[in-house]
Structure formats: structure tokens, C-alpha cells
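Here the structure is laid out as C-alpha cells; the discussion comes afterwards.
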Amino acid sequence: MRIAKVIVDVPANSINQTFDYLIPEKFLDILKVGMRVTVPFGPRKIMGFVVGKAEESTFKSLREIEQVLDVTPVLTEELLHLGEWVAKDTVSLYITALQAMLPQVLKAQYKKELLRNTDASLSQELEHLFAGRDVIAYEEFEGASVSYYQLQKAVQDGDLVVKYLVHSKITKKYVTMVQPAREGYLLEEALQDLSKNAMKQRELLGYFIENPQPIEKKLLLKKFQTTSSTIRTLIDKSLIETTQVEVYRDPHQQQFHKTTALPLTEEQEQAITPIKQNIANDEHDVFLVHGVTGSGKTELYLQAIQDVIMKGQEAIVLVPEIALTPQMVNRFKGRFGSKVAVMHSALSAGEKYDEWRRIHQKEVQVVVGARSAIFAPFENLGIIIIDEEHEATYKQEDQPRYHARDVAIQRGKTHHCPVVLGSATPTLESFARAQKGVYKLATLRKRTNDKEMPPVEIVDMRAELHAGNRSMFSRTLMDKMENCLSKGEQIVLLLNRRGYSTFVMCRDCGHVKECPHCDIALTYHKNFNHLKCHYCSYEEPMPTNCPECNSDLIRYFGTGTQRVEEALTKLLPEAGIIRMDVDTTRRKGSHETLLRKFANKEASILLGTQMIAKGLDFENVTLVGVLTADSMLHLPDFRSSEKTFQLLTQVSGRAGRHELTGEVIVQTYTPDHYSIELASEYDFEGFYKKEMATRKTFQYPPFFFLALITVSHTNKVTAVQTTNHIVQQLLQHVSNNTVVLGPSPSPVPRIKDRYRYQCMIKYKNEPQLRDMISSITEQFKEATQKGDLLITVDMQPHHLM
DNA sequence: AGCACGCCGACT
DNA sequence: GTCGGCGTGCTC
């Protein structure tokens with residue numbers, strides 16, 4: 001096998017294919033499929049993945065692989081195929097799919113250098129630039145005022161060479177170990193010869209005579225209260241030596257309480273049995289575990305994984321980013337100890353790489369992680385679990401736009417292992433499949449502590465307004481909060497802010513400050529007294545007068561967590577408040593610190609956005625308040641009802657999880673909306689029926705599949721025309737019951753001065769659709785290449801923005 | 001995507 | 001002769 005098939009690191013449509021390279025003699029034995037290599041590509045040198053080998057090539061002259069970057073393949077054959085599948089399924093490039101499977105640090109970085117290739121003198125300007133050096137970075141040339149023409153000539157004459165470098169960002173962490181460099185008896189001899197004053201040296205030598213094994217330098221210094229200079233002297237005498245040993249950064253260095261399997265309830269037992277059978281028989285089924293919050297889904301996962309580990313297989317557990325709290329991680333580490341790797345975005349790039357390597361080198365059998373952990377390089381998967389399967393974070397919002405659930409099922413099929421989806425509020429798609437028998441449904445109706453879900457009271461904020469209460473807290477909520485505080489119990493307050501930001505409006509003329517580059521209202525940021533655009537980061541100071549009518553009655557509207565906090569401090573001055581939002585949790589670890597404070601009862605109220613709705617478990621919380629339940633109900637999104645229902649159900653589960661009984665207050669301006677009403681009754685099936693009916697009439701999932709093509713251009717007319725062109729072409733080829741809509745303006749019609757129009761496709765069965773879309777977008781490749789036209793394709797979009 | 005190459009027009 | 005600015009086409 002002298003020829004390697006390589007997917008090169010060039011994300012372009014015309015390069016979306018394998019390129020053949022000759023494998024040089026010296027690499028014949030070591031080069032394996034799945035390794036990264038560097039190859040010459042045109043004039044430059046780039047990184048690529050070997051995806052296959054062959055004996056022959058249709059190409060007459062092949063260039064050689066230049067370098068092999070890995071010792072063992074970073075991608076298994078299974079992952080290579082999976083990447084191909086992902087690329088096809090999401091209409092994206094193979095290379096993009098492969099990159100998505102690996103930690104960021106394995107991505108190549110490119111650099112150019114200029115090498116002097118002659119002793120004869122160069123032109124005056126070039127000599128000045130090189131200033132006596134033989135090599136300079138290409139950027140230096142670009143920054144200098146030397147013409148490109150000169151460079152070109154020097155290169156042509158062979159006086160200069162442009163060198164293309166590929167290097168990876170790999171950062172390994174090392175510790176210095178100290179160990180004896182001589183046999184024990186030689187050390188003893190040396191000890192005799194040492195001067196009497198050399199106390200520290202004597203101590204150290206004495207130690208190494210007793211303990212010849214390597215010891216960490218830091219530890220050694222501490223143990224003998226000495227400094228590096230002592231070690232230095234001993235090294236100079238060739239008595240001891242140091243080595244660099246690679247270590248993994250451990251992001252979770254605490255101790256974990258070992259836990260063992262808990263007895264299961266009858267319901268749990270019934271749910272887990274078919275999953276265990278699947279595991280035992282190497283069968284693949286998709287299970288939907290529909291269990292109310294607190295019904296012990298996690299214990300199910302743990303026990304199923306236990307079976308998998310006993311079988312010598314591996315497990316992937318996906319958890320939404322936001323729920324990847326220490327509480328959650330502790331449960332897995334507590335049960336499986338060091339067999340667990342954790343992957344989430346709060347880890348540094350180096351830490352992510354270390355966790356990935358622990359999987360890659362088979363040091364762990366379980367990975368608990370966010371979306372991308374679905375690509376964990378396990379070769380012997382025994383189970384894949386997706387907790388809170390309805391969460392939107394499982395859908396990647398940039399290329400490749402894959403859904404972790406789809407990838408999981410794909411992997412489950414190839415590995416003949418079960419895929420378990422768990423949720424208290426499954427997506428309509430999954431629940432519908434379970435109803436049809438495509439997925440196996442298991443329902444957990446009871447909470448393990450046998451407690452009822454806390455009662456939910458809906459408060460009509462319109463009535464509050466009519467009664468003269470203009471504050472953001474209803475009288476009921478105020479009463480309950482005071483009552484709760486007087487008993488020394490704790491409160492969780494949710495401010496549902498999505499689609500409800502703090503915009504600036506003039507009270508005189510109604511003018512709303514919008515971003516000059518995007519069609520969206522600017523958001524007010526109090527700490528800087530600035531207005532900011534969430535789409536393009538445009539900023540301007542808060543105006544004192546209205547730019548339209550010059551009135552000074554220009555104010556900001558909407559409720560941010562900061563404002564709620566201020567109001568709350570005034571009303572309940574004695575209550576400590578912890579605010580959790582993007583602003584207060586930006587710093588690494590601040591999330592945990594705030595939660596720990598709340599757990600230690602350093603504050604009585606936890607106020608926050610979406611992020612506090614999930615997974616938190618505090619025994620002293622008896623009241624949950626939702627300040628604005630309907631804020632996202634009116635977004636132009638077919639999932640808005642479903643999302644509202646999910647959020648309300650999730651947050652209600654935060655109250656009264658233990659001894660104390662809890663209650664929930666939901667404030668809303670649309671108290672009779674079915675998603676709010678049914679959420680307050682914990683009636684998932686009722687909601688399912690109702691929502692399915694609307695989805696059916698409006699031809700949305702799960703009745704239809706969706707595809708969204710967004711076209712953007714600086715020229716509005718071009719954007720509309722191109723979209724229209726796409727629509728027309730699709731209409732010619734799709735089947736009768738497929739609906740093609742558009743061109744219609746995107747919900748945010750302009751971002752960064754680019755107009756955005758979209759085409760939506762609703763289809764039931766359209767096997768050729770992906771190919772159709774590819775060939776249509778291919779027609780616009782000239783315009784797309786020039787960069788003024790942008791076409792993005794989202795198969796199964798999660799929202800329509 | 002990047003890069004070379006080639007053609008053109010401009011400036012000195 | 002020296003330079004920059006595009007449009008075009010290729011990369012195993």
C-alpha cells in the first residue's frame with residue numbers, strides 16, 4: 001500500500017474530496033489510516049487526514065507525504081466513516097466534520113517564513129529587512145514597505161525561499177522528577193566524601209539511598225526544606241538526575257465519595273431491564289426514558305453503565321453544558337472513580353486535550369460531556385446516554401450543523417449498543433417516535449422520594465397591573481417570599497430573558513435605538529452605560545437625548561437580572577441575593593463558587609436566567625418564582641411553546657426536592673396559554689397532544705422535516721433574487737407533498753450590513769434533497785468564493801433565526 | 001482557502 | 001524598469 005488517500009485541511013467545496021499521495025519508504029510501516037500528516041498542496045504545505053490507502057492511483061505523478069504527525073491514529077475507521085456520514089447528512093464538508101471530532105489543539109496552525117538562500121547580497125530593501133538574519137517571519141515582510149515584486153524576483157532567482165510551516169498547538173504539561181543517577185553503593189561512597197557542611201546534600205543523598213525511585217521535584221524540595229541549588233550541585237556531581245514526565249492536568253482534583261448502586265424502584269426496574277438486555281445481547285435500540293424530575297433517571301444511567309463496564313465496554317454520557325455542574329460530575333466520579341473523563345467547554349484547551357487523550361489511550365471507560373463528546377474515540381462502545389435530550393445545546397449551531405442525538409443513533413447502530421434518551425419533557429420528535437414504537441418508551445411517573453411535584457400557582461400580571469401594582473413582583477410572590485424568608489428557607493427566582501432584552505426607547509416619540517448594521521434593537525449594558533449589539537458587537541454610549549426628537553425622556557426598558565436584583569434589595573433588604581447570569585459567571589469556576597455560596601446558605605435568594613433552571617438540587621429551596629413565563633412565547637419560532645413548557649417544568653422541579661415541601665409561582669401576561677397551563681399541571685401528555693395538533697396544521701416537525709437555507713448579501717436585491725432562484729429550482733425537483741417557502745426575510749433581516757433572506761423546505765420523504773441543495777448552491781460558487789454572497793444550509797434547524 | 005500567474009495600467 | 005491591482009484557475 002504505497003498510496004495514501006488524504007483529506008486536506010482546506011475547507012472549500014472544490015477540495016471536498018480525497019487527494020492521493022505517495023507514502024515514502026520510511027513511513028510505509030508506521031503510517032496508518034486515521035493519522036494526521038502534512039502534505040505539499042500546490043505551492044504550500046498543509047495538514048491532512050489519511051482516510052484510506054491504495055495500491056494504485058489514477059493520477060500519473062504523485063507527490064509524497066512529507067511528515068507524519070501522529071504516533072497512533074487520532075481517528076478510528078469508525079469515526080472516519082461517521083465523519084463522512086455527518087458531512088453528507090448536514091450538507092457540510094468532510095474536513096469540517098473530521099475537525100469537529102477532535103480537540104481544538106490538534107488543529108494545525110500555519111506559518112510562513114522567508115529563508116535567505118544566498119551569500120550574495122540581496123536588494124538594499126531586503127538586506128535592510130533581514131538585518132543580518134537568515135530567517136524572518138513572513139509577517140515581517142508584510143509589515144515592511146518592501147514591494148511584493150522584489151520578493152517575487154528574489155524567489156525566482158533562488159536567492160530567497162518561502163518556507164511553509166505546519167505546526168500543532170499541542171501543549172503537554174510536564175513535571176520534573178528527581179532520581180538517583182548511580183547505584184546505591186556509589187551513592188554511599190559519595191556520601192562519605194561529602195563535606196560536613198553540606199547538610200542538605202547529605203540529607204538528600206541519604207533519602208535516595210533509602211528510596212531509589214523517582215520523586216517529584218516540588219515534593220522533594222518541600223520535604224527537605226531546600227532549594228533547587230542543592231539539587232543542581234548533586235546533578236553536577238552526577239549523583240542524581242532529573243527527568244521530565246508528562247502529566248495530565250486534572251481539572252477535578254477533589255476527592256470523591258465512593259457510592260454504590262442504590263436499590264431501584266419497581267418503575268426503574270421495569271425501565272432498565274430492556275436496556276440491560278440490549279447491552280447483554282449486543283443489540284441496538286433507542287430508548288426514551290420519560291421520567292419526571294427526581295424520578296431517578298441518573299441512577300438508571302449509572303447502573304446501565306455498570307453493566308457495560310463489567311462487559312469491558314465503554315460508555316458515553318451526554319449532558320447539556322449548563323447541567324454539567326460539579327453535582328452531576330460528582331455522581332459519575334463517585335460511582336466510577338478514575339474511569340471517568342469529563343469534557344465541557346469550561347475546560348481550557350489543554351485540559352480538553354488531556355481528557356481526550358485519556359479516552360484515546362483507553363485510560364477511561366466513561367466519558368461525561370457536552371455535545372462534542374459524542375465523538376469520543378472509543379472503539380468498544382456499550383451504551384450512549386443523552387440526558388435532557390430535549391436541550392437545544394445538542395444541536396451545533398455552526399458547521400457541521402449536526403445534532404448529537406442523530407450522531408448517537410448512528411454510532412449506536414454501528415456498535416450494536418443501546419442509545420438512551422432521558423428527559424422529563426422530551427422533544428415532540430422523540431416522543432412521537434416512541435409512540436410509534438420506533439423508540440422504546442419507559443415512563444417514570446413517581447419521584448424516588450415519593451413526593452408529589454410542588455403545586456404551581458399562575459399569577460396573572462395583567463390583573464396585578466389593574467390593581468395598581470406596577471412592580472415586577474406580584475403580591476402573591478411578595479407574600480410567599482416574605483413567608484419563606486421568615487422560616488429561613490431559600491428561594492430560586494428565574495428571569496426568563498430570552499427574546500426580552502433591555503432596549504432603549506424614547507418616551508416622547510417612541511423611537512427605539514437600533515444597531516446601524518443590523519436590524520435589531522441595541523441592548524443596554526448598565527455597568528458601562530453603553531448600548532451594544534448582540535449580533536455584531538457594535539457599541540455606542542447611552543444617549544442623553546433622543547436622536548430623533550431630542551427629548552431627554554429616553555429610557556431603557558425591559559428587565560435584566562441587574563434591575564431585578566436592585567428592586568429586590570430595596571423590597572427585601574435583609575435577604576442575601578446571589579445573581580447568576582452571563583455577567584456573573586463569565587469567569588472560570590465562578591459558576592461553582594456562586595452555587596456553593598447558595599448551598600452554604602450565605603444568601604436566601606438565587607436569582608438567575610435559564611442557567612439556574614436545570615439540574616440544581618438544594619434541599620432548603622421551598623419556593624420557585626418565575627418572573628416572566630411568557631417572554632419567549634412570542635418569538636418567531638415554532639418551538640416557542642415547547643420551550644416554554646420545558647423551562648417551566650424544569651424550574652418547578654427545583655422546589656421541595658427533599659424533606660420540605662415546595663411551591664412554585666409563575667407570573668405571566670398570558671395565563672391561559674396552553675403551554676403555561678399544562679406545565680402548571682405537569683401534564684406532559686396533554687401538552688404533547690395539543691402541540692402535536694398545531695404542528696400538524698402548520699406542517700412542522702415531527703410531521704415534516706425541515707431544511708433552512710439562508711442567503712445573505714450586502715445588496716438586498718441580490719439576496720432576494722438568489723433566494724428566489726434557489727426556491728424556483730427546488731420547486732422544479734421536489735415531490736408534490738414537499739413545501740418550499742420563500743424568499744422571506746430572516747427573523748433578523750440584516751446582520752453586519754448583510755441582508756438575510758431564507759428558503760424553508762418542509763418535506764416528508766425527499767431522499768435526493770441533500771444532493772439537490774448541494775448542486776444548487778454549487779451554481780453560486782463564483783459569487784460565494786468572492787465572499788459577497790453567503791449561503792448556509794441547516795438541515796433540521798432547531799430555531800429559524 | 002490560498003497562492004501563482006498573467007495581464008493591465010500607472011508612475012518615474 | 002518598477003510597482004500594485006485584479007481576474008482566473010489549480011491544488012494529488
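The sequence lines fix the lettering, A, B, ..., with proteins before strands; numbering per chain opens at 1.
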Atom-pair distance ([atom1] on [X]; [atom2] on [N]), nearest Å:
X	N	atom1	atom2	result
A/F41	C/dC10	CZ	P	13 Å
A/K45	B/dA4	NZ	C1'	19 Å
A/Q156	B/dC5	CD	P	7 Å
A/D9	B/dA1	CG	P	12 Å
A/N13	C/dT11	CG	C1'	15 Å
A/K163	B/dG2	NZ	P	20 Å
A/Y138	B/dA4	OH	P	7 Å
A/F19	B/dG2	CZ	C1'	13 Å

Distance-only side-chain donor-acceptor flag, [X] / [Y], under 3.5 Å:
X	Y	value
A/H798	A/E397	no
A/T76	A/E379	no
A/E429	A/Q796	no

*Tell me what A/Y110 touches on the nucleic acid: a base, only sugar-phosphate, or nothing, going by heavy atoms under 4.0 Å.*
nothing
*Name the nucleic acid region contacted by A/Y21, choosing base, sugar-phosphate or nothing; use a 4.0 angstrom heavy-atom cut-off, strictly under.*
sugar-phosphate
*Do the two ring centres, one from A/Y402 and one from A/F375, sit under 6.0 Å apart?*
yes
*For the ring pair A/H725 and A/F780, is the centre-to-centre distance below 6.0 Å?*
yes
Looking at [options], which one has an atom nearest to any side-chain atom of [X]?
X	options	result
A/Y164	B/dA4, C/dC12, C/dT2	B/dA4
A/A12	B/dA1, C/dC12, C/dC3	B/dA1
A/I15	C/dC3, C/dT11, B/dC3	C/dT11
A/K153	C/dT11, C/dT2, B/dC3	C/dT2

Below 4.0 Å: OP1/OP2 of [N] and any side-chain N or O of [X]:
X	N	value
A/K112	B/dC3	yes
A/Q150	C/dC3	yes
A/Y148	C/dT2	no

*asked:* Let's test your reading of the model: under 3.5 Å, does the base of B/dA1 pair with the side chain of A/R44 as donor and acceptor?
replied: yes
